[in-house]
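Index from 1, following the sequence. Computed from heavy atoms alone, side chains included, the values below leave out hydrogens, waters and symmetry copies.
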Amino acid sequence: MVPIHAEMSTQEAAVLLNVSRPFLIKLLEKGEIPFHKVGTHRRIHFLDLLHFKAKADKASQKALDELVQQAQELDMGY
């Protein structure tokens with residue numbers, strides 16, 4: 001269990017999202033996930049990570065549904 005007001009380091013956030021730390025930092029710098037700095041260290045609120053993960057999961061599911069629909073229309077046996 002993680003308190004909803006918790007802040008995470010970039011490494012902890014990358015592990016939670018199952019991405020590399022450099023990829024996560026690119027997402028942060030592009031503004032896709034809000035963050036703030038404590039000194040020189042980036043910190044991400046846990047809730048912001050959950051919102052990003054839910055949004056990404058929803059987009060992935062939509063893409064998968066579209067692929068399944070196309071496969072069915074092409075009678076590919078799915």
All side-chain hydrogen bond (donor to acceptor under 3.5 Å, both in side chains) counterparts of [X], not counting sequence neighbours:
X     : value
Asn18 : none
Glu66 : none
Gln11 : none

Exercise. Find out whether Phe52 and Asp48 are in side-chain contact, i.e. whether some heavy atom of one side chain is under 4.5 Å from a heavy atom of the other.
Key: no

Exercise. Check whether any side-chain heavy atom of Arg43 lies under 4.5 Å from a side-chain heavy atom of Ser9, and answer yes or no.
Key: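 In contact.
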
Quiz prompt | Residues in salt bridge (Lys or Arg N to Asp or Glu O under 4.0 Å) contact with Lys53, at least two apart in sequence or another chain | solution = Asp57

Quiz prompt | Set of side-chain contact (heavy atoms from CB on, under 4.5 Å) partners for Glu73, sequence neighbours left out | solution =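 Scan of Glu73 (side-chain contact (heavy atoms from CB on, under 4.5 Å), adjacent residues dropped) gives Gln69.
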
Quiz item: Same cluster for Leu47 and Leu49 if Ile/Leu/Val/Met/Phe/Trp/Tyr side chains link at under 4.5 Å?
Solution: yes

Output a table of donor-acceptor pairs, distance under 3.5 Å, between side-chain atoms of residues 21-36 and any protein atom two or more places apart or on a different chain; print 'none' if there are none.
unit_1, atom_1, unit_2, atom_2, d
Arg21, NE, Thr10, OG1, 3.0
Glu29, OE2, Arg42, NE, 3.0
Glu29, OE2, Arg42, NH2, 3.1
Lys30, NZ, Glu32, OE2, 3.3
His36, NE2, Glu7, OE2, 3.1

